[in-house]
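Take a look at this one; I'll ask things after.
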Amino acid sequence: QARARRVIDPALFQLTDPADTWAMYRDRQVSLSVVSSIDYLAGQDQVRSTALAAIPNRSGQPFALVTGWSFALATREPERQKAAIQLIEFLMSPTVQGQYTHDAYLLPTQPTALAVWGASDPYVLFAETLLQAAIPYPDRADQAVSAAAIQDAFEAVMLNNVPSQQAATNAVQAARAAAP
């Protein structure tokens, strides 16, 4: 349907970086874009009248792919362990994490930290949805395999008139064959 309605320009297949689509959206060259929270928060003052929506999963529920950080103790000395734990507790406190993530354009890991952003911030309600729907990014090797198969299938449908069911079947077979 998208091909028949000419909603998707074949030139979009040349884009390889999500930041490119966000730049095109900001420049009003396209009417929608998938964007990371970092890019959106850093550039939200450049876009007006923008609505936010989470990408739905197969059942229509929102989901968000996330990356994260973790802490590791690298000392066996009890005093240094105690100091490291105190530092982690300080950094993870809602107030500190909330202010840091707001200033760094990152999503916090806890809703109480998000509350520090302030009720007047229009992104807060949307970010709460993202936090509740967060799942970790797949392993990079798995991601590369599935992304290539999905890209090939999408191009087959949009550019070569391959029936969508056949393209999906081909994508699954290609991903399974190439899986590490």
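On a predicted model such as this, the values are computed, not experimentally measured, just so you know. All residue numbers refer to positions in the sequence shown, counting from 1.
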Start with the C-alpha distance between T101 and L107, add both sets of side-chain angles, then the distance that settles side chain to side chain contact (heavy atoms under 4.5 Å, CB included), and finish with yes or no.
-> CA-CA 6 Å; T101 56; L107 291 179; over 6 Å; no
Where does the angle between the aromatic ring planes of F13 and F154 fall among parallel (under 30°), tilted (30 to 60°) and perpendicular (over 60°)?
->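 Ring orientation, 0 to 90° scale: tilted.
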Indicate the atoms forming the closest heavy-atom contact of Q143 with P138, along with that distance.
->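 Reported closest heavy-atom pair: OE1-O, 3.8 Å.
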Given the rule in the side chain to side chain contact (heavy atoms under 4.5 Å, CB included) test, do I135 and L65 qualify, once you have shown the distances and angles that lead to the verdict?
-> CA-CA 5 Å; I135 60 172; L65 294 172; 3.8 Å; yes
Over all atoms of both residues, closest heavy-atom pair of A167 and A153 |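 In this case the closest contact between A167 and A153 is O-CB, 3.5 Å.
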Go through the steps to decide whether W69 and L106 satisfy the test side chain to side chain contact (heavy atoms under 4.5 Å, CB included), and finish with yes or no.
-> CA-CA 11 Å; W69 298 344; L106 299 170; 4.2 Å; yes
Look at the rings of H102 and W117 and say which category their plane angle falls in: under 30° parallel, 30 to 60° tilted, over 60° perpendicular.
->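 Answer is perpendicular, since the angle exceeds 60°.
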Output yes when a side-chain donor or acceptor of Q110 lies under 3.5 Å from a complementary backbone atom of M92, and no otherwise.
->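 Yes; judged by distance alone, with no hydrogens or angles, the pair exists.
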Of the non-hydrogen atoms in G118 and V124, which two are nearest, and what is the gap between them?
->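 Answer, listing the atom of G118 first, then V124: O-CG2, 3.4 Å.
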Can L130 be reached from L52 by stepping across I, L, V, M, F, W or Y side chains whose heavy atoms are under 4.5 Å apart?
->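 Linked within one cluster.
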Enter the distance from M24:CE to L32:CG here, rounded to the nearest 0.5 Å.
->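 CG of L32 is found 10.5 Å from CE of M24.
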Give, for atom CG of D27 and atom CH2 of W22, the distance between the pair rounded to the nearest 0.5 Å.
->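 One finds 10.5 Å between CG of D27 and CH2 of W22.
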Is there a path of hydrophobic side-chain contacts, each under 4.5 Å between heavy atoms of I, L, V, M, F, W or Y residues, that connects L15 with L159?
->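 Same hydrophobic cluster.
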How long is the gap from CD on Q86 to CG on L91, to the nearest 0.5 Å?
->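 Answer for the CD-CG pair, Q86 versus L91, is 12.0 Å.
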Kindly indicate, with the supporting measurements, whether the criterion side chain to side chain contact (heavy atoms under 4.5 Å, CB included) is fulfilled by V30 and T21.
-> CA-CA 8 Å; V30 295; T21 60; 5.6 Å; no
Verify, without hydrogens or angle tests, whether Q81 (side chain) and L73 (backbone) share a donor-acceptor contact under 3.5 angstrom.
->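 Checking the backbone N and O of L73 against the side chain of Q81, no donor-acceptor pair under 3.5 Å is found.
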Hydrophobic cluster identity match, I55 and I150, side-chain contacts under 4.5 Å |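 Result: no, two separate clusters.
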Where is the tightest heavy-atom contact between V116 and P94, given as atom of each residue plus distance?
->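 Of all heavy-atom pairs spanning V116 and P94, the closest is CG2-O, 3.4 Å.
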What is the distance from atom CZ of R26 to atom CG of D39, rounded to the nearest 0.5 Å?
->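 Rounded to the nearest 0.5 Å, the CZ-CG separation comes out at 8.0 Å.
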Taking D17 for the side chain and A19 for the main chain, is one N or O donor matched with an acceptor at less than 3.5 Å?
->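 Confirmed, D17 side chain pairs with A19 backbone.
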Do you know the tightest heavy-atom contact between T67 and Y137?
->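 Heavy-atom minimum between the residues: CG2-CD1, 3.4 Å.
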Can you check whether Y123's main-chain N or O pairs, donor with acceptor, with D121's side chain at less than 3.5 Å?
->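 Such a contact is found between D121 side chain and Y123 backbone.
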Please step through side-chain hydrogen bond (donor to acceptor under 3.5 Å, both in side chains) for the pair Q132 and E128, ending with a clear verdict.
-> CA-CA 6 Å; Q132 292 171 5; E128 287 173 349; 5.7 Å; no
Same apolar cluster: Y25 and V35, side chain cutoff 4.5 Å =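 Y25 clusters together with V35.
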Answer with yes or no whether the hydrophobic clustering places Y105 together with V66; edges join I, L, V, M, F, W, Y residues whose side-chain heavy atoms lie under 4.5 Å apart.
->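 As far as the 4.5 Å side-chain criterion goes, V66 and Y105 are not connected within one cluster.
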Measure the CG-CG distance between L114 and L125 for me, rounded to the nearest 0.5 Å.
->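 Reported to 0.5 Å precision, the distance equals 9.5 Å.
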Should Y40 and T50 be marked as a side-chain hydrogen bond (donor to acceptor under 3.5 Å, both in side chains) after you check the CA-CA gap, both sets of side-chain angles, and the distance that decides it?
-> CA-CA 11 Å; Y40 175 78; T50 291; 5.9 Å; no
